[in-house]
Amino acid sequence: MKALVTGGAGFIGSHLVDALLQDGHEVLVCDNLRSGHRQQVSPGASFHVVDVAKKSEFLPLACEYGPDTIFHLAAQPSVGASWQSPHEDARINITGTLEVIQAALDTGARIVYASSAACYGEPVYLPIDEHHPTVPQTPYGVSKLAAEKYLAAYNQSRGLHSVSLRLANVYGPRQTVEGEAGVVAAFMVRACRKQAPRIHGDGQQTRDFVYVADVVDAFLAATRVQTGVFNIGTGQPSTVNHLFATIESQ
């Protein structure tokens, strides 16, 4: 397989690149390095510093490469930043996805899209399944859901083959402490420094924490599916207090 990975210098993307190379696939990484790190990209992959949301940068490169699958992980990932600059959030997360769609139509590639559980908003019931209402409550969640809807429309009307993966709280090596999803990394840093955790509220709020290698397996499995939307998590709740207690005890 010829794989193109947008956001391939990031936390999840770099692990996906490693797995693709290990399986013998050819890999092209496109990343603007706004939050990714060049040193995380395996030397076995081709790498280009590209803003996926800029057609003049991304589309010619993608079409020249001719991928079989585009793994679209490039994104503005911060809820806080989406409130501070919703236009930029939309440019990256929505316009960037539209450019990926165009590249897929021009090359015949399938798309595996990194969506988010933020599409759901506040839970109406637990555990959240794929039929749960989608009422995002942040610009970030709105932009991720909008990108999904564009993909679904092109699946229906233009013969695109895409799969959207709604990721829970992913953790693992290379994760930074920035952003809401970096709580595991933040807790580990504070535990190593013998510092008290910073916990919002009473700490009894629950999250679904899923290991990055399991998420990578889901991305690879998604290449065997024509279309669909799938939750990627463990299905098991963990309180924030329990998370820190577990880390501190190690």
Q) Mind checking whether Ile199 and Phe187 have side chains closer than 4.5 Å, heavy atoms only? A) yes

Q: Decide whether Phe230 and Val216 are clustered together by the hydrophobic rule: side chain heavy atoms of Ile, Leu, Val, Met, Phe, Trp, Tyr closer than 4.5 Å, transitively.
A: yes

Q) With sequence neighbours left out, which residue pairs that include part of residues 111-130 fulfil the side chain to side chain donor-acceptor pair (under 3.5 Å) condition? A) Tyr113-Lys144, Ser115-Glu148, Tyr120-Arg166, Tyr120-Asn231, Tyr125-Asp129

Q. Between atom OG of Ser164 and atom NZ of Lys149, what is the distance when rounded to the nearest 0.5 Å?
A. 10.0 Å

Q. Is Val100 close to Leu98 at the side-chain level, that is, under 4.5 Å between some pair of heavy atoms?
A. no

Q. Within the distance-only criterion (no hydrogens, no angle test), does the side chain of Asn32 pair as donor or acceptor with the backbone N or O of Val50 below 3.5 angstrom?
A. no

Q: Hey, could you give me the CZ/CG distance between Phe47 and Asp31, rounded to the nearest 0.5 Å?
A: 5.5 Å

Q. Looking at residues at least two apart in the chain, or sitting in another chain, which of them share a side chain to side chain contact (heavy atoms under 4.5 Å, CB included) with Gln226?
A. His161

Q | Worked check of side-chain hydrogen bond (donor to acceptor under 3.5 Å, both in side chains) between Asn155 and Thr227 | A | CA-CA 7 Å; Asn155 288 344; Thr227 60; 5.1 Å; no

Q.
Going by the rule side chain to side chain contact (heavy atoms under 4.5 Å, CB included), which residues pair with Thr206 if we only count those two or more places apart in sequence or in a different chain?
A. Pro237, Thr239

Q: May I have all residue pairs that pass salt bridge (charged side-chain N to carboxylate O under 4.0 Å, His left out) and include part of residues 83-93, sequence neighbours excluded?
A: Arg34-Glu88, Asp51-Arg91, Glu88-Arg91

Q: Would you list the pairs meeting side chain to side chain donor-acceptor pair (under 3.5 Å) in which at least one residue belongs to residues 55-71, sequence neighbours left out?
A: Thr69-Arg110

Q: Count the heavy atoms belonging to other residues, nucleotides or ligands that lie under 6.0 Å from CD of Gln195, then report whether that count exceeds 12.
A: yes

Q: State the CG-NE2 distance between Leu20 and His15, to the nearest 0.5 angstrom.
A: 13.0 Å

Q) By side chain to side chain contact (heavy atoms under 4.5 Å, CB included), which residues pair with Arg198, not counting sequence neighbours? A) Arg190

(Q) Filter on salt bridge (charged side-chain N to carboxylate O under 4.0 Å, His left out), then keep only pairs touching residues 207-216, sequence neighbours left out; what's left? (A) none

Q: Identify whether Ile70 and Ile94 are in the same connected component of the hydrophobic contact network (ILVMFWY, side-chain heavy atoms under 4.5 Å).
A: yes

Q.
I'd like to know whether CD of Gln204 has more than 12 heavy-atom contacts from other residues, nucleotides or ligands below 6.0 angstrom.
A. yes

Q: Without swapping roles, check the side chain of Thr95 against the backbone of Ile92 for a donor-acceptor pair under 3.5 Å.
A: no

(Q) Could you check whether any side-chain heavy atom of Leu167 comes within less than 4.5 Å of a side-chain heavy atom of Ile12, counting everything from C-beta outward? (A) yes

Q: With sequence neighbours excluded, give me every salt bridge (charged side-chain N to carboxylate O under 4.0 Å, His left out) pair touching residues 227-250.
A: none

Q) Can you check whether Ala81's main-chain N or O pairs, donor with acceptor, with Ser85's side chain at less than 3.5 Å? A) no

Q. Any side-chain heavy atom of Ser46 sitting closer than 4.5 Å to one from Val27?
A. no

Q) Which heavy atom of Pro136 sits nearest a heavy atom of Leu145, and at what distance? A) CD-CD2, 3.8 Å

Q: Determine whether Leu21 and Phe219 fall in the same hydrophobic cluster, where Ile, Leu, Val, Met, Phe, Trp and Tyr are linked whenever their side-chain heavy atoms lie under 4.5 Å apart.
A: yes

(Q) Less than 4.5 Å apart, side chain to side chain, heavy atoms only: is that true for Phe71 and Leu4? (A) no

Q) Where is the tightest heavy-atom contact between Ile232 and Val210, given as atom of each residue plus distance? A) O-CG1, 4.0 Å

(Q) Please check this pair: side chain of Thr107 against backbone of Gly66, looking for a donor-acceptor N/O pair closer than 3.5 Å. (A) no

Q. Would Leu33 and Phe58 show up in the same hydrophobic cluster when neighbours are defined by side-chain heavy atoms closer than 4.5 Å?
A. no

Q | Pairs satisfying ring-ring contact (aromatic ring centres under 6.0 Å, His included), at least one member in residues 22-43, at least two apart | A | none

(Q) Using a 4.5 Å cut-off between side-chain heavy atoms of Ile, Leu, Val, Met, Phe, Trp and Tyr, which other residues end up in the same hydrophobic cluster as Val135? (A) none

Q: State whether the side chain of Ser157 and the backbone N or O of Tyr154 hold a donor-acceptor pair below 3.5 Å, judged by distance alone.
A: no

Q.
Return the CD1 to CG distance between Ile101 and Leu151, rounded to the nearest 0.5 Å.
A. 4.5 Å

Q: Kindly write out the residues that satisfy side chain to side chain contact (heavy atoms under 4.5 Å, CB included) with Arg224, not counting sequence neighbours, or none if the list is empty.
A: Ala221

**Q.** Pairs flagged by salt bridge (charged side-chain N to carboxylate O under 4.0 Å, His left out) wherever residues 1-22 is involved - sequence neighbours left out
**A.** Asp18-Arg174

Q. Do side-chain atoms of Gln205 reach the backbone of Gly203 as a donor and acceptor pair under 3.5 angstrom?
A. yes

Q. Given the rule that I, L, V, M, F, W and Y join up when any side-chain heavy atoms are under 4.5 Å apart, are Leu28 and Leu16 in one cluster?
A. no

Q) Just how far is it from atom CD of Gln102 to atom SG of Cys63, taken to the nearest 0.5 Å? A) 7.5 Å

Q) Gln76 side chain to Ser78 main-chain N or O, any donor-acceptor pair under 3.5 Å? A) yes

Q | Interatomic spacing from CZ in Phe209 to OG1 in Thr234 - rounded to 0.5 Å | A | 9.5 Å

